[in-house]
Number of protein chains: 2
Amino acid sequence: MNVENSKSQMRKGMLEYCILLLLKSGPAYSNDIIRSLKEANMIVVDGTLYPLLSRLKKDGLLGYNWEESTQGPPRKYYRLSPAGREWLESLDVAWEELTQTVSMLKESHRRADADGNREAETDNNEQNNQ
Amino acid sequence: MNVENSKSQMRKGMLEYCILLLLKSGPAYSNDIIRSLKEANMIVVDGTLYPLLSRLKKDGLLGYNWEESTQGPPRKYYRLSPAGREWLESLDVAWEELTQTVSMLKESHRRADADGNREAETDNNEQNNQ
DNA sequence: TTTACTACCTTGCAAAACAAAGTAGTAAAA
DNA sequence: TTTTACTACTTTGTTTTGCAAGGTAGTAAA
């Protein structure tokens with residue numbers, strides 16, 4: 001278990017949000033998305049992306065159309081559906097809440113002894129084994 | 001599939017970070033943590049929390065000591081270990097990176113046509129079924 | 001006609017949140 | 001004393017999801 005693991009865990013939950021954000025500024029196909037996310041420090045591989053795009057499509061948040069490529073097979077260009085835009089607005093709110101939550105916790109906003117029962121600084125019964 | 005699901009997904013990845021953040025300001029036992037997180041809009045139940053605390057303990061990020069309670073069974077008060085503090089600092093950095101990433105994406109920082117191959121607005125081959 | 005490349009898709013695995021059920025000890029009520 | 005309620009900690013099974021790895025197929029250059 002290393003820190004990278006925890007970091008990627010933090011990124012995980014944001015993947016869906018980031019993809020919707022990205023598609024907000026225009027259609028894109030898998031490689032566009034992977035490249036853009038990589039530039040933004042979100043590491044994604046196609047084995048992760050394709051199932052996610054399929055799910056978002058199935059849920060009606062995305063649509064796509066095939067486009068010929070000058071060099072290689074045709075590409076699926078995904079774009080936000082109207083439902084996807086609404087969804088994204090909800091996630092914008094969720095993101096705001098999340099940043100607020102973290103800010104709160106950073107400012108030690110915790111009510112330190114709401115039940116008047118905190119003597120944990122005493123060192124009896126110390127246990128650090130296992 | 002509803003928006004709440006996506007929202008909770010966003011929160012999920014942050015749970016570990018929030019708990020470490022919370023413990024930074026002092027020891028706490030399960031109920032303290034659940035209550036504090038609830039106040040900060042992070043919904044957690046004990047079936048989620050206990051395994052997570054055990055894992056963090058096992059990884060050496062937390063220590064605990066038993067405390068008698070005036071009303072009920074004794075409690076495990078968890079606190080950050082020195083390793084936990086270092087870990088938390090790394091996650092602070094990760095959090096910064098994450099907020100930066102989202103900001104970037106929000107500002108449509110995507111290079112819209114890096115390979116000069118974007119005509120996806122044309123509507124041939126429209127596909128929106130299942 | 002091969003070989004390389006690109007794009008899309010699928011499968012199996014591991015991690016983790018969560019619900020739900022379980023254990024055990026304390027204290028108040030009967 | 002015995003029962004009941006409460007609190008705290010633990011465990012089990014399910015579901016979701018990211019991801020590695022492998023697979024298919026079509027295009028184009030060698």
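Computed from a predicted model, the values in this text were never measured in an experiment. Letters A, B, ... are given to chains in the order of the sequence lines, protein chains preceding strands, and every chain is numbered from 1.
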**Student:** Determine the contact category for B/S30: base if any of its heavy atoms lies under 4.0 Å from a base atom, sugar-phosphate if only primed atoms, P, OP1 or OP2 are that close, otherwise nothing.
**Tutor:** sugar-phosphate
**Student:** Rounded to whole angstrom units, what separation is found between the CZ atom of B/R75 and the C1' atom of C/dG25?
**Tutor:** 14 Å
**Student:** Please state how far atom CD in B/E67 lies from atom P in D/dC9, giving the value in whole angstrom units.
**Tutor:** 11 Å
**Student:** The side chain of B/L15 lies closest to which of these nucleotides: C/dA17, C/dG25, C/dT6?
**Tutor:** C/dA17
**Student:** Paired with D/dA29: which nucleotide, if any, by Watson-Crick or G-U wobble criteria at under 3.5 Å for both distances?
**Tutor:** C/dT2
**Student:** So which nucleotide from C/dC9, C/dA17, D/dT17 ends up closest to the side chain of B/K12?
**Tutor:** C/dA17
**Student:** By nearest atom, which of the nucleotides D/dC9, D/dT11, C/dC9 is closest to the A/Y50 side chain?
**Tutor:** C/dC9
**Student:** Among C/dA19, C/dA7, D/dT17, which is the nearest nucleotide to the side chain of B/V45?
**Tutor:** C/dA19
**Student:** At under 4.0 Å, does any side-chain N or O of B/Q9 touch on OP1 or OP2 of C/dA17?
**Tutor:** no
**Student:** If you find the nucleotide of DNA chain D closest to B/P74 and the one closest to A/G47, which residue's nucleotide is nearer the 5' end?
**Tutor:** B/P74
**Student:** With the threshold set at 4.0 Å, does a side-chain nitrogen-carboxylate oxygen contact exist between A/E97 and B/K7?
**Tutor:** no
**Student:** Measure the spacing between OH of A/Y17 and CE of B/M10 and express it to the nearest 0.5 Å.
**Tutor:** 6.0 Å
**Student:** Whole angstrom is fine here: how far is it from CD in B/Q71 over to C1' in C/dA28?
**Tutor:** 12 Å
**Student:** Can you tell me if B/T48 touches the phosphate of C/dC18, counting only side-chain N or O atoms and a distance under 4.0 Å to OP1 or OP2?
**Tutor:** yes
**Student:** With a 4.0 Å cutoff (strictly under), does any side-chain N or O of B/Y29 reach OP1 or OP2 of D/dA8?
**Tutor:** yes
**Student:** On the nucleotide D/dA8, are OP1 or OP2 found under 4.0 Å from the side-chain N or O atoms that B/N31 carries?
**Tutor:** yes
**Student:** Provide, to the nearest angstrom, the distance between the CD atom belonging to B/E4 and the P atom belonging to D/dT16.
**Tutor:** 17 Å
**Student:** Locate the shortest heavy-atom distance separating B/P27 from B/Y77; write the atom from each residue and the value.
**Tutor:** C-CD2, 4.2 Å
**Student:** Nearest-Å distance, CG (A/N5) to C1' (D/dG18)?
**Tutor:** 11 Å
**Student:** Of A/G72 and A/P51, whose nearest nucleotide on DNA chain C comes first from the 5' end?
**Tutor:** A/G72
**Student:** Contact class for B/D46 (heavy atom, under 4.0 Å): base, sugar-phosphate, or nothing?
**Tutor:** base
**Student:** Send over the distance from B/L52 CG to D/dT10 C1', rounded to a whole Å.
**Tutor:** 15 Å
**Student:** Rounded to whole angstrom units, what separation is found between the CG atom of A/L62 and the P atom of C/dC8?
**Tutor:** 14 Å
**Student:** Quick one: B/M42 CE to C/dA16 P, roughly how many Å, whole number?
**Tutor:** 15 Å
**Student:** From B/L61 CG over to B/L91 CG, what is the distance, rounded to the nearest 0.5 angstrom?
**Tutor:** 9.0 Å
**Student:** Return the minimal non-hydrogen interatomic distance between A/P51 and A/D46, and the atom names on each side.
**Tutor:** CD-O, 4.1 Å
**Student:** If you look at every heavy atom in A/S6 and B/E16, which pair is closest and at what distance?
**Tutor:** OG-OE2, 2.7 Å
